[in-house]
Participant: 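My questions will all concern the structure given below.
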Amino acid sequence: MKGSRLVPNCKRRHLSKLFSFFQSHRTLHTATVTDYLQVTSDDLENERKGIDFNALFKSCTKLQQVKCAHTLVVVSGRFKDNFLSSKIVNLYSQHGDVSLAWWTFHHLPNKDVYTWNSMAFAYVSHGRFREALGCFNQFFSTSGLRPDFYTFPPVVKACGDLLDGKKIHCLVLKLGFEWDVFVAASLVHMYSRFGLVGDARKLFDDMPARDRGSWNAMISGYCQNGNAAEALDIADEMRLEGVKMDAITVASVLPVCAQVGDILSGKLIHLYVIKHGLEFELFVSNALINMYAKFGSLGHAQKVFGQMVVRDIVSWNSIIAAYEQNNNPVSAHLFFHKMQEARVQPDLLTLVSLASIVAQLNDHQNSRSVHGFVMRKGWFMEYIIIGNAVVDMYAKIGNLDSARAVFGGLLIKDVVSWNTLITGYAQNGLASEAIEVYLLMGEHEEIIPNQGTWVSILPAYSHVGALQQGMRIHGQVIKNCLYSDVFVGTCLIDMYGKCGKLDDAISLFYQVPRKNSVPWNAMISCYGVHGDGEKALELFREMRAERVKPDHITFVSLLSACSHSGLVSDAQWCFNMMEEEYRITPSLKHYGCMIDLFGRAGELEMAFNFIKNMPIQPDASAWGALLNACRIHGNIELGKHASERLFEVDSENVGYYVLLSNIYANVGKWEGVDDVRSLARDRGLRKNPGWSSIILNNKVDVFYTGNQTHPKCEEIYRELRDLTSKIKTIGYVPDFCFVLQDVEEDEKEHILMGHSERLAIAYGIISTSPKTPIRIFKNLRVCGDCHTVTEFLSIITEREIIVRDSSRFHHFKGGTCSCGDYW
DNA sequence: TTAGGGTTAG
């Protein structure tokens with residue numbers, strides 16, 4: 001290397017490294033320095049005298065050319081100068097290369113306090129807290145020097161736990177540095193960081209002098225502990241003492257306004273920001289974007305973002321997350337593109353948002369790209385958050401195999417990882433897999449279940465009707481003092497309701513906070529499932545009396561409850577109120593409920609007119625509801641029309657073919673049944689995996705249709721054959737229109753016999769003592785033939801049989817069912 | 001010459 005020839009006194013190895021850096025900086029300034037050194041190469045000793053070292057060094061530092069400055073120090077032989085070397089350490093700590101900072105520091109023979117402080121600070125500013133503390137300990141035990149005011153603040157910041165913090169605090173007291181405003185502020189912050197905000201406040205109150213930094217430390221202490229009221233109070237106190245808020249104060253307080261939903265304070269602070277010219281501060285703008293995003297005020301968030309002169313990765317992440325978290329993945333994705341156009345490199349949090357965007361868009365192709373990008377970056381190894389986000393992404397797009405694979409590959413799993421997978425299975429209707437993962441999680445003692453766990457597992461248990469297991473979770477919830485949590489409470493209400501324990505659901509409902517619509521919706525839905533529309537309406541009136549604002553889900557539950565109970569005029573009252581009073585635009589689900597309501601009540605013309613007048617395109621559920629009504633009331637013509645429209649929008653759902661075939665069969669039009677069968681066969685039926693579950697001795701047994709893998713399979717089928725021949729003697733005739741396969745009658749009977757609820761009922765009969773009631777849970781709706789069979793079974797076995805299907809409870813007793821539906 | 005307090009998270 002040229003450089004090493006220039007300065008024979010310097011260590012060749014170090015110089016070559018430095019000069020390669022030096023040469024890579026091809027700025028005008030470095031070129032000047034290089035030329036200057038070249039000229040002096042012939043007789044360094046003589047020429048050295050002529051170099052205006054100080055001027056060059058100053059220019060280098062001013063232009064942040066730290067490597068040039070470093071080279072200058074080394075080639076001029078001044079690297080043993082504490083002042084200069086410490087300056088280099090500081091420069092490196094500002095400009096990225098902490099290892100070069102250490103190298104400079106390490107080769108200084110006689111380090112002074114300033115040098116040690118600089119090195120510790122370099123580590124702290126790079127987040128390498130353990131090394132910073134190590135540096136301090138070494139300084140304290142080996143240097144024999146006395147720390148100064150500058151020593152403590154970075155070291156206090158580096159403390160990883162309360163014990164470290166207290167040790168440093170003792171040392172501060174022992175050496176008498178506690179009244180320095182910087183030292184005191186860092187201690188205040190340290191105590192708040194470890195949750196001891198009271199101790200922090202005591203230190204703050206004892207301070208003889210406070211500057212803005214001290215106030216900021218105390219305010220941020222409250223903010224980070226979620227004490228919003230105290231934070232806002234003390235900000236007020238600060239104002240009264242004549243200390244103005246700066247960018248740091250504002251950036252600390254804004255997230256708290258968002259946290260506690262105090263939009264008024266947030267907006268007042270925004271006004272303050274504008275008035276005091278803080279709106280172009282990066283941290284302030286970023287905090288404003290985040291606050292507005294949490295309030296759902298995307299227009300304001302975008303306005304702040306648009307007015308920013310300088311944006312960093314946090315600004316981009318914030319605006320992307322703003323749209324992503326307010327369910328606007330398209331705009332979020334657009335901002336991601338703009339970020340790429342601006343050549344800003346995405347970081348971990350960008351990818352966390354992107355994973356969610358991809359999931360919301362159900363974009364299978366890009367889900368792979370996100371996964372690949374994260375893998376190439378090696379982030380899975382280090383950060384749980386992104387691993388969990390990818391698991392969640394796959395689960396949300398229904399790719400549970402990939403979700404499971406990514407989950408399995410995570411080196412570290414936390415409770416969120418487990419919750420994510422459980423929720424993924426549960427929300428994709430795979431309740432037994434969700435339960436399996438939950439039980440597996442129980443084998444890992446280090447994973448402590450939390451609110452998210454209960455909220456993910458309870459719907460799975462209620463889905464399969466596992467009352468005992470659900471009750472056990474209720475016990476754990478009480479033990480963990482989460483019984484007043486509105487989300488856990490709502491899941492418990494739902495679980496008791498869906499497991500047939502309506503009374504328990506109600507008493508729990510009156511124990512949880514009922515300020516928002518969530519628990520009300522669950523309870524209204526419970527009444528609906530149990531066929532009690534009147535009670536659902538009564539509860540809705542109570543909700544209005546308590547001034548709780550209903551949402552779109554409230555009305556879906558309510559309308560569906562009315563439709564099953566035939567409460568036509570009440571439903572119309574609700575439907576009108578939804579738009580007129582609550583300004584909720586009806587969605588397809590609401591329209592579907594209304595069509596179902598008119599249809600069940602026999603008002604087929606009204607239902608048909610309602611569809612024709614819909615302001616949005618009717619979907620399969622709308623036509624499906626009409627088709628079902630046609631089946632109930634035997635209207636072939638309208639049924640045919642409905643099915644034609646239906647098959648235009650969804651030609652794959654096997655259930656609709658069954659409905660149509662049933663319409664023809666009910667009026668003896670067997671050629672129509674045959675037509676539907678061949679139509680279904682030609683189009684290739686999508687098989688709906690139907691299952692039923694039964695719980696015996698705290699164990700859930702799940703039966704799939706046609707399932708032959710159960711250990712007691714033979715006994716079950718034998719019992720079913722016996723029972724079928726018995727019920728035939730008292731009038732049962734199999735209804736083959738529920739079988740769409742074009743096979744012989746024997747085979748059709750066998751297919752019907754394999755329906756999952758029959759397997760579950762037969763298993764219940766052979767496994768329990770006579771006359772014990774049997775409870776079955778089922779994911780789809782009970783087919784008409786199974787309904788008839790169960791009515792007969794309730795006669796010959798003298799048992800109550802309770803079947804909860806996807807929409808309601810059927811209580812069979814003495815040959816009749818409580819559901820009131822026409823089969 | 002060096003220090004404290006600040007924005008995004010599954």
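Computed over heavy atoms, backbone and side chain alike; hydrogens, waters and symmetry mates excluded. Throughout, a chain's letter reflects where its sequence line sits, starting with A, and its residues are numbered from 1.
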Participant: Could you tell me the separation between the CD1 atom of A:Ile320 and the C1' atom of B:dT7, rounded to a whole number of Å?
Facilitator: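 Rounding to the nearest Å, CD1 of A:Ile320 and C1' of B:dT7 are 15 Å apart.
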Participant: At under 4.0 Å between heavy atoms, what does A:Ser252 touch on the DNA or RNA strands: base, sugar-phosphate, or nothing?
Facilitator: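 Counting heavy atoms under 4.0 Å across all strands, the contact made by A:Ser252 is with sugar-phosphate only.
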Participant: For A:Lys87 and B:dT2, give me the distance from atom NZ to atom C1', rounded to whole Å.
Facilitator: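 Nearest whole value for this atom pair: 9 Å.
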Participant: Across the strands shown, which category fits A:Ser220 at heavy-atom distances under 4.0 angstrom: base, sugar-phosphate, nothing?
Facilitator: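 Sugar-phosphate: the residue A:Ser220, judged by heavy atoms under 4.0 Å, touches backbone atoms but no base.
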Participant: Picking from B:dT2, B:dA9, B:dG5, which would you name as closest to the side chain of A:Leu349?
Facilitator: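 For the A:Leu349 side chain, the nearest candidate turns out to be B:dA9.
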Participant: Mind checking if A:Thr249 touches a base, just sugar-phosphate, or nothing, with heavy atoms under 4.0 Å?
Facilitator: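 Counting heavy atoms under 4.0 Å across all strands, no contact is made by A:Thr249.
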Participant: Within the structure shown, what part of the strands sits under 4.0 Å from A:Gln325 by heavy-atom distance: base, sugar-phosphate, or nothing?
Facilitator: sugar-phosphate
Participant: Counting any heavy atom closer than 4.0 Å, what does A:Ile384 reach on the DNA or RNA strands: base, sugar-phosphate only, or nothing?
Facilitator: base
Participant: Could you tell me whether A:Val253 contacts a base, only the sugar-phosphate backbone, or nothing, with contacts defined as non-hydrogen atoms closer than 4.0 Å?
Facilitator: nothing
Participant: Once you round it to whole Å, what is the distance between C1' of B:dG6 and OH of A:Tyr222?
Facilitator: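 One finds 18 Å between C1' of B:dG6 and OH of A:Tyr222, rounded.
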Participant: Counting only side-chain nitrogens and oxygens, does A:His189 get under 4.0 Å of the OP1 or OP2 atom of B:dG5?
Facilitator: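 Result: yes.
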Participant: Among the candidates B:dT2, B:dG6, B:dG4, find the nucleotide nearest to the side-chain atoms of A:Asn90.
Facilitator: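 Of B:dT2, B:dG6, B:dG4, B:dT2 is nearest to the side chain of A:Asn90.
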Participant: When the aromatic ring centroids of A:Tyr123 and A:Phe129 are compared, is their separation below 6.0 Å?
Facilitator: no
Participant: Over 60° means perpendicular and under 30° means parallel, so classify the ring planes of A:Phe139 and A:Phe136, tilted if in between.
Facilitator: tilted
Participant: With sugar-phosphate meaning primed atoms plus P, OP1 and OP2, does A:Phe83 contact a base, only sugar-phosphate, or nothing at under 4.0 Å between heavy atoms?
Facilitator: base
Participant: Should A:Asp401 and A:Arg404 count as an ion pair when the cut-off is N to O under 4.0 Å?
Facilitator: no
Participant: Taking NZ from A:Lys294 and P from B:dT8, how many angstroms apart are they, rounded to a whole number?
Facilitator: 6 Å
Participant: Mark this stacking check for A:Tyr150 against B:dA3 as yes or no, applying ring centres under 5.5 Å and ring planes under 30°.
Facilitator: no
Participant: Which listed nucleotide (B:dG5, B:dT7, B:dG6) is nearest to the side chain of A:Ala247?
Facilitator: B:dG6
Participant: Can you check the A:Ile289 CD1 to B:dT8 C1' distance for me, whole Å?
Facilitator: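 Interatomic distance, CD1 of A:Ile289 to C1' of B:dT8: 10 Å.
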Participant: Please find out if less than 6.0 Å separates the ring center of A:Phe380 from that of A:His371.
Facilitator: yes
Participant: When the ring planes of A:His106 and A:Trp102 are compared, do they come out parallel, tilted or perpendicular, using 30° and 60° as the limits?
Facilitator: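 It falls in the parallel class, under 30°.
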Participant: Which atoms form the tightest heavy-atom contact between A:Ala293 and A:Ala322, and what is the distance?
Facilitator: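 Distance-wise, the nearest heavy atoms are CB-CB, 3.4 Å.
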Participant: Identify whether any heavy atom of A:Asn290 sits under 4.0 Å from a base atom; if not, whether one sits that close to sugar-phosphate; answer base, sugar-phosphate or nothing.
Facilitator: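 If one applies the 4.0 Å heavy-atom cut-off, A:Asn290 turns out to touch the sugar-phosphate alone, with no base involved.
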Participant: Any base atoms under 4.0 Å from A:Ala389, or only sugar-phosphate, or nothing? Heavy atoms, all strands.
Facilitator: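 Nothing: the residue A:Ala389, judged by heavy atoms under 4.0 Å, touches no strand.
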Participant: Closest to the A:Ala217 side chain: B:dG5, B:dT8, B:dG4?
Facilitator: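 Given the options B:dG5, B:dT8, B:dG4, the side chain of A:Ala217 is closest to B:dG5.
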Participant: I need the CZ-C1' distance between A:Phe139 and B:dA3, as an integer number of Å.
Facilitator: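 To the nearest whole Å, that distance equals 14 Å.
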Participant: Whole-Å distance between B:dA3 P and A:Lys157 NZ?
Facilitator: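 A:Lys157 atom NZ is separated from B:dA3 atom P by 10 Å.
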Participant: Confirm from the modelled atom types if A:Asp246 and B:dG6 form a donor-acceptor pair under 3.5 Å, side chain to base only.
Facilitator: no
Participant: Send over the distance from A:Ile319 CD1 to B:dT8 C1', rounded to a whole Å.
Facilitator: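 Atom-to-atom, A:Ile319 to B:dT8, this comes out as 12 Å.
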Participant: So does A:Asp180 reach the base of B:dG4 with its side chain, donor to acceptor, closer than 3.5 Å?
Facilitator: no
Participant: Among B:dT2, B:dA3, B:dT7, which nucleotide has an atom closest to any side-chain atom of A:Phe149?
Facilitator: B:dA3
